[in-house]
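These numbers were taken from a predicted model, which means no experiment stands behind them. All heavy atoms count here, side chains included; hydrogens, waters and symmetry mates do not.
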Amino acid sequence: MCLLKISVENFFLNNPIEISFSVGLEGMYVSGNTLERNLDKTVALVTEMLTEPRWDEKSFEIVKNRRLNIIKQRKTSAQSVAFNALSKQLYGKDHPASTPLGGTEESVESISMNDIKNYFKENISPQVSHFHVAGKMTQSTIEKSLQQLSKNWIGSNVEIPEIKTSKSPTRARVYFIDIPGAKQSAITLGSLSIPGGNPELYKYSVVNNRLGGGMEARLMRTLRLEKGYTYGAGSFFRENSYQTPFYAYSQVRSNVTLESLEIFKNIINGYAESYNSEDLELTKNKLIKQNALRFERLGSLLNMLDTISKFNFPDTYIQRQQDVLTSMSLEEAQSIAESQFNADKMYFVVAGDAKTQLSRIKELGYGNPIMLDREGNRIK
């Protein structure tokens, strides 16, 4: 998928045109900021980029080396290593989501210029693209500016492979990645839920709010404010068009690794029973207030349009979510908490010092930890 985002603004006088390319888990993005009077020039530049790309070998090698350096740097980040390993265990090694965004050293080193050219030709097509504009201008003005792009950007139909369903964990497992001498342990745990676009997923996120949705949520309040084990902890659903993962995470002092894992286990397993009417009312008030300011920025409006296109939502989906939020009952919230938050059916990944922490983690009650390397592969 290729989503083009052009943000039309009435400022940036010293830098009236700005265009950038980026990639996400499920798409490539062409983003731009421009003055309204420069919209035609901006679209012309985007058209040139998409229809007449400059395949420069020297630039390709620079980008490739830069990417390899980033991958190597991320291997030194315990939290990144833990998250990547958890994704691989949840989805399986052959699933697209098991490969870190940006690739691995092996995959990047093997890419040639011809690979890039062929991929661009076969996959970057208007047939699987959306063009979104946010700004103070009329639809007719935008349509007129897009005529050049529509005329010149002609691509074939793209067959997007079907992503197979992965099996959700049925029992807890603990994985450990050794980072010798680490003073902190990165903890991630999670499971798989329903695909993005399913209206039930919003309800899950609402119920998660008091578990890991901010400073006042249970994970942060316990691990940071009460225990002082960490600076941050939380949980979230990362909405994807395939199975959306639920993640909980923190980075704690090495000497309280087991104690922190036990807190995650106990809070999550006790969440349904502890969830009460005050939790629900606080969540409703918080999210309603957030929604009032949610789309004040043009970037937020573009993200909303992206979501509508990606999941084929109606343009009233924000109001529908608001209605779901205000009408949610305590019984429904407790039912969701019971069905979706069960640490006994989650995978745990710990990245830390094996010499001092590995033997202790056996006391968590989920069996002997399974050793992984920093790529998330099992060590035999």
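The closest side-chain heavy-atom distance from Met215 to Arg224 is below 4.5 Å. Using a 4.5 Å cut-off on side-chain heavy atoms (C-beta onward), Glu122 and Val158 make no contact. Within the 4.5 Å cutoff, side-chain heavy atoms of Ile361 are placed close to those of Val350. In this structure, the side chains of Lys345 and Thr170 stay at 4.5 Å or more apart for every pair of heavy atoms. Taking 4.5 Å as the limit, some side-chain heavy atom of Ile124 sits within range of a side-chain heavy atom of Leu50. At least one side-chain heavy atom of Val206 sits under 4.5 Å from a side-chain heavy atom of Met328.
Residue Leu364 is grouped with residue Leu219 when hydrophobic side chains (ILVMFWY) are merged at heavy-atom distances under 4.5 angstrom, including chains of intermediate members. Linking Ile, Leu, Val, Met, Phe, Trp and Tyr residues whenever their side-chain heavy atoms come within less than 4.5 Å places Met371 and Leu261 in a single cluster. Ile19 and Val63 are assigned to two separate hydrophobic clusters, defined by single-linkage of ILVMFWY side chains at heavy-atom distances under 4.5 Å. One hydrophobic cluster, built from ILVMFWY side chains closer than 4.5 Å, holds both Met49 and Leu39. Follow the hydrophobic side-chain contacts under 4.5 Å out from Ile268 and you never reach Met220; the two are in separate clusters.
Environment of OH in Tyr119: sparse, with no more than 12 heavy atoms of neighbouring residues, nucleotides or ligands closer than 6.0 Å. The environment of OH in Tyr231 is sparse: at most 12 heavy-atom neighbours from other residues, nucleotides or ligands sit within 6.0 Å. Within a 6.0 Å radius of CD in Gln127, other residues, nucleotides and ligands contribute more than 12 heavy atoms. For Lys64, the NZ atom counts as densely surrounded, since its 6.0 Å shell holds more than 12 non-hydrogen atoms of other residues, nucleotides or ligands. Atom CD of Glu273 has 12 or fewer neighbouring heavy atoms from other residues, nucleotides or ligands inside a 6.0 Å radius. Within a 6.0 Å radius of CZ in Arg360, more than 12 heavy atoms belonging to other residues, nucleotides or ligands are found.
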Practice task
Applying ring-ring contact (aromatic ring centres under 6.0 Å, His included), run through Tyr366 and Phe348 and close with a yes or a no.
Solution key: CA-CA 10 Å; Tyr366 289 145; Phe348 292 66; 5.4 Å; yes
Exercise for the section: Test Met304 against Leu301 for side-chain contact (heavy atoms from CB on, under 4.5 Å), laying out the working first. Expected result: CA-CA 5 Å; Met304 178 186 68; Leu301 292 172; 4.3 Å; yes
Exercise for the section: Take Arg173 and Gln89, measure what side-chain contact (heavy atoms from CB on, under 4.5 Å) needs, and give me the verdict at the end. Expected result: CA-CA 10 Å; Arg173 291 179 181 173; Gln89 306 314 311; over 6 Å; no
Exercise for the section: Check step by step if side-chain contact (heavy atoms from CB on, under 4.5 Å) holds for Gln340 and Ser193. Expected result: CA-CA 8 Å; Gln340 298 302 313; Ser193 65; 4.1 Å; yes
Exercise for the section: Output, in order, the C-alpha distance, side-chain angles, deciding distance and verdict of ring-ring contact (aromatic ring centres under 6.0 Å, His included) for Phe246 and Phe341. Expected result: CA-CA 9 Å; Phe246 166 77; Phe341 303 102; 5.2 Å; yes
Problem - Test side-chain hydrogen bond (donor to acceptor under 3.5 Å, both in side chains) applied to Glu143 and Gln139, step by step - result: CA-CA 6 Å; Glu143 290 176 346; Gln139 182 174 337; 2.9 Å; yes
Practice task
Dump the intermediate steps for side-chain contact (heavy atoms from CB on, under 4.5 Å) on Glu278 and Leu282, then the final yes or no.
Solution key: CA-CA 6 Å; Glu278 182 182 3; Leu282 287 170; 3.8 Å; yes
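Applying the salt bridge (Lys or Arg N to Asp or Glu O under 4.0 Å) test to residues at least two apart or on different chains, the pairs with a partner in residues 96-119 are Lys75-Glu105. Residue pairs satisfying the salt bridge (Lys or Arg N to Asp or Glu O under 4.0 Å) criterion with at least one member in residues 313-334, sequence neighbours excluded, are listed as follows: Lys203-Glu332.
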Taking only distance into account, with no hydrogens and no angle test, what donor-acceptor pairs under 3.5 Å do side-chain atoms of residues 65-73 form with protein atoms, sequence neighbours excluded?
| from | atom 1 | to | atom 2 | distance (Å) |
| --- | --- | --- | --- | --- |
| Asn65 | ND2 | Glu61 | O | 3.1 |
| Asn69 | ND2 | Asn65 | O | 3.3 |

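A donor-acceptor contact closer than 3.5 angstrom is absent between the side chains of Tyr347 and Thr188. Side chains of Asn377 and Lys93: no donor on one and acceptor on the other come within 3.5 Å. In this structure, a donor-acceptor pair under 3.5 Å is present between the side chains of Asp40 and Ser145. Side chain to side chain, Gln334 and Glu338 fail the donor-acceptor criterion of an N or O pair below 3.5 Å. Judged purely by distance below 3.5 Å, without hydrogens or angles, the side chains of His132 and Asp306 pair a donor atom with an acceptor atom.
Interatomic distance, OG1 of Thr257 versus CD of Gln357, reported as 4.0 Å (0.5 Å rounding). Atom CG in Asp94 sits 9.0 Å away from atom OG1 in Thr99 (nearest 0.5 Å). Remark: Asn240 CG to Ile163 CD1 distance equals 8.5 Å, nearest 0.5 Å. The CG atom of Leu258 sits 5.5 Å away from the CD atom of Glu363 when rounded to the nearest 0.5 Å. To the nearest 0.5 Å, atoms OH (Tyr229) and CG (Asn255) are separated by 8.5 Å. How far OH of Tyr317 is from CZ of Phe311: 9.0 Å, rounded to the nearest 0.5 Å.
The closest donor-acceptor contact from the side chain of Asn38 to the backbone of Thr34 lies at 3.5 Å or more, if one exists at all. Although no hydrogens or angles enter the test, the distance criterion places no donor-acceptor pair under 3.5 Å between the side chain of Ser254 and the main chain of Lys183. Here the side chain of Thr138 pairs a donor or acceptor atom with the backbone of Thr141 at under 3.5 angstrom. Side-chain atoms of Asn209 never come within 3.5 Å of backbone atoms of Thr283 as a donor-acceptor pair (strictly under, hydrogens ignored). A donor-acceptor pair is defined here as one N or O able to donate and one able to accept, closer than 3.5 Å; such a pair exists between the side chain of Asn266 and the backbone of Glu262. In this structure a side-chain-to-backbone donor-acceptor pair under 3.5 Å is missing from Lys227 to Thr222. Between the Thr230 side chain and the Gln251 main chain, a donor and an acceptor come within less than 3.5 Å of each other. Of the possible donor and acceptor atoms, none in the side chain of Ser191 sits under 3.5 Å from a partner among the backbone N and O of Met346. In this structure, Ser150 contributes its side chain and Leu146 its backbone to a donor-acceptor pair below 3.5 Å. Within the 3.5 Å criterion, the main-chain N or O of Asp344 finds a donor-acceptor partner in the side chain of Asn342.
A salt bridge is defined here as a Lys NZ or Arg NE, NH1 or NH2 lying under 4.0 Å from an Asp or Glu carboxylate O, and Lys310 with Glu26 meets this definition. Arg253 has no carboxylate O lying under 4.0 Å from a charged side-chain N of Glu259, or vice versa, which leaves the two without a salt bridge.
Taking the six-membered ring where the residue is Trp, Phe236 and Phe83 present tilted rings, their angle falling between 30° and 60°. Classification of the Tyr271-Tyr275 ring pair by plane angle, with boundaries at 30° and 60°, yields perpendicular.
Taking the ring centre of Tyr91 as origin, the terminal cationic atom of Lys164 falls outside the region bounded by 6.0 Å and 45° from the ring axis.
In this structure, the ring of Phe237 has its center no less than 6.0 angstrom from the ring center of Tyr247.
Nearest heavy-atom pair, Ile194 versus Glu200, reported as atom, atom and distance to 0.1 Å: CD1-CB, 3.7 Å.
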